[in-house]
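In listed order, ligands and their atoms are each counted from 1. Bear in mind that the values here come from a model prediction, so they are computed numbers and not experimental data.
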Amino acid sequence: MNSLILPNFSPKCKSYVSIAKDVSWRGLHTKRKGFQKHNGYVKIVFVTTKGEMNRMTTHQGILDFVSEATALLQPTHVHWCDGSEKEAETLIDLLIQEGKAIRLNPTLRPNSFLFRSDPSDVARVENRTFIASKTKRDAGPTNNWMDPKELKATMTSLYRGSMKGRTLYVIPFAMGPLRSPFVKYGIQLTDSPYVVLNMRYMTRMGFEVIQAIQPHMSFVPCLHSSGYPLEVGQMDPSWPCAPIDQKYITHFPEERLIWSYGSGYGGNALLGKKCFSLRIASVLARDEGWLAEHMLIIKITNPEGKVKYFTGAFPSACGKTNLAMLISTLPGWKVETLGDDIAWLRIGKDGRLYAMNPEFGFFGVAPGTSEKTTPIAMPTSSKDTIFTNVALTDGGDVWWEGLTKPAPSHLVDWKGQDWKNSPTPAAHPNSRFTVKISQCPALASEWESPEGVPISGILFGGRRSDTIPLVMESHSWQHGVFFGSIMASEITAAQITNDYGKVRRDPFAMLPFIGYHAGDYFAHWLSMERHTEAALLPKIFMVNWFQKDENNQYIWPGFGENIRVIKWIFERCDGQVSARDEAIGYLPYQKDLDTSHLSLTNHQITRLLDVNPIIWRKEVDSIETYYQMFEEELPNELLQELSDLKARLLK
Ligand code: SAT
Ligand code: MN
C-alpha cells in the first residue's frame, strides 16, 4: 500500500494515512481502510479520492507547496490538520504513548501537558537566524545575512529525506481574525506534533483557515523540519532536533518565505510568531505602509469610564506579559488585555493608528510568574495549557522558580532529574506556558475587532538600572522614534548569546526581528507622520521600572503599581496634566505622579524622575557609538535628534 500522499495525485484513488484512531477531515468522507503498524504504533489508514481531497482546497499554490515539500522531505505520512479537538487529543495521546509528553494531574491542571526539550534546544537561536535577502545591504547591520541561493542549497540538502519515518503535518494558519481585512495566511509544514499543538493555541488554525484561503489569495509558505529523520529501527528521542551548527531559522523576505530546520523550540519552530508576524511581516508592512511590532496591546479604563488603548514594546522576558495582564492597584482604574507580544499597526480611515494582535495565544515565560507578579496568568494557565521545560511536582502539577516560596521539597526538574533543594533551577529560566488568549480572564471584549483598536500612546521600555527615568514623553513623533531607536536592555534568558547580563541596544525591542535594514526601518517609522496628521498619531513614552539604588535594590515597586505610571500617561494623552520640559523629554511633576499609599520617600521619587546630565552625556556618547553601525543609512532626522539632545544637555 502506498501511504505517501501527494495532494495533487493523479490516479483515481490513493490512500490517505492518518495517525488518528478515527480522525478524518471534517467534510471529507474518509473510509476506514485498515490498520498499519508503524514504529510499534497502530495507525489507521483512510482512503480518499482526488476529488474529495481537493474539496479541502483547490488553491494550486498550497497544493504545489505541499507536494514539492513532500517529495523533498520524504515523510512516511502526510496529515492535513483540521485544528479540531479530536485531532489534538489524538496527537497528545500519541505523544504520551511515545514518552514525549506527560499528562499533568487532571484534577489540578485539566487537559494540560508537560514537555521537556532537548537541553540544547531551549530558546531562540539568534546566531543561527538568517535574513537571506538578495543583497547583504538589505539585511542591514542587525541581521545575519546569507546569500539566498547558497542558503537554499545548504538547506535543501539538509531537508532532503529529513522527515523519513515521520509524519508531515500541514498546518493552515491565519495571523489576525479571519474576518479582519488585515488577516494574513500561512501554511506551515512540520514533522513536530508538539508544534501542531502549540500552533493550535498560538494561531487560528485548521479547517476554517484553509477554507478561507481563496485560490487568488497569497500565503506565506513556512517549512519546518526538526532535522531528525528516523531510519528503520532507529530510536526516536523524546525531543528530536539537530545539533546547533545545523540549526537554521531562515527568512527569504523578497519571496515571503520561511525555512526553519533543526530546532523544535518556540520562536524557532512556531513559525507564525517571530518569523512570520515580525520578520516577514515587517517587510510586508514596509511595502504596504503599516507597522509590524513586538508590542503588547492593553485597554485602560479610568474611574470615569473613559477608555484608551496603548501598545508597549519591551525586549523579551522583560515584564511585557506582566504589563499586558496588569491588575491595577489604583481604585477605579482597570487594565484589560488585547495582546502580550505582537501588534500590527495601521492608520485607520479616521487618521488614527489602530493596533491588532495577529496571534491567538500566549507563549509566556513561566519563571517569575506567580500570584504576586502576574496574578492573571495563574487562572489563564490553570487548564488546557502546554508547559515546556518547567518542573514536575510529586502531585503531577507544574512548578517553576518564583511560583511559591519555599520550593516543594521534591521535584523532577526540566531535564527529568530528581531535584531536592538544589541551587540549580528546577525549571529552565526560559521555560514556557502556551495557552489560548481567550482563557485570559482580563481579556478585552474587543480583542478580535477586525480593524483593531485606536492607540493613544506607545510605550517603549527596557531594563536599565540607571539613566532612563521612570517615565518620560517624547517632544514629538520624530523624537519618539528616536526613543525607540535607542532602547536598551539587559540580556535575558530568552536569547541565547554569550552576553548574558550585559546591556544591549534593542531598538523598538525589534533587534532580532526587523526583517530588513534597520536604518530603513527607522525611516519607515518616521514616514508614518507623513500619512496622517501629527496630532492624530499616538504620543510616545519611554518607561523604566528597573532603576536601582546604591544598594542594588529596585526603587520602584513595579507590578500592579505600574498603573500609577499608566495613569500619568493616560492623563497626558487626555491633556489633563502638564509636564516638565526637560532636555531628554517631558517628565511628570511629582504632584502628578500618584504615589499615594506607597512607601516611597521623597528622595526616592525625585531619584525616579531625575535627569542626570552627567550620566546622560555618557549615554549620548554611547548612542553615538551605537548609531555608527547604521552608517549612511541612519536617517538624518535621528542624527538631528541626537545633536539636539546633546545641545540641550549642555545648556
Ligand atoms: O521563543 S519565542 O521567540 O517565541 C519567545 C521570545 O523569545 O519572546
Ligand atoms: Mn516576544
Which atoms of ligand 1 sit under 4.0 Å from any heavy atom of Gly267?
1 (O), 2 (S), 3 (O), 4 (O)

Nearest-0.5 Å distance that lies between atom OG1 in Thr388 and atom CZ in Phe115
7.0 Å

One pair to check against salt bridge (charged side-chain N to carboxylate O under 4.0 Å, His left out): Lys274 and Glu293. What are the steps and the verdict?
CA-CA 10 Å; Lys274 311 293 190 186; Glu293 298 302 323; over 6 Å; no

Within the 6.0 Å centroid threshold, strictly below: Phe130 and Tyr248:
yes

Atom of Asp341 nearest the Mn ion (ligand 2) (restricted to N/O/S, atom name only):
OD1

Does Arg124 reach ligand 1 with a nitrogen or oxygen that is under 3.5 Å from one of the ligand's nitrogen or oxygen atoms?
yes

Step by step, work out the salt bridge (charged side-chain N to carboxylate O under 4.0 Å, His left out) result for Arg346 and Glu451.
CA-CA 9 Å; Arg346 297 166 195 270; Glu451 313 288 331; over 6 Å; no

Tyr521 and Phe508 aromatic ring geometry - parallel, tilted or perpendicular at 30°/60° bounds
perpendicular

Between Tyr159 and Trp259, is the ring centre distance below 6.0 Å?
yes

The Mn ion (ligand 2) to nearest N/O/S of Gly267 less than 2.8 Å
no

Is Lys273 close to ligand 1, meaning an N/O of one under 3.5 Å from an N/O of the other?
no

Tyr265: numbered ligand 1 atoms lying under 4.0 Å from its heavy atoms:
1 (O)

Just to the nearest 10 degrees, tell me the angle at the Mn ion (ligand 2) spanned by Lys274 NZ and His294 NE2.
90°

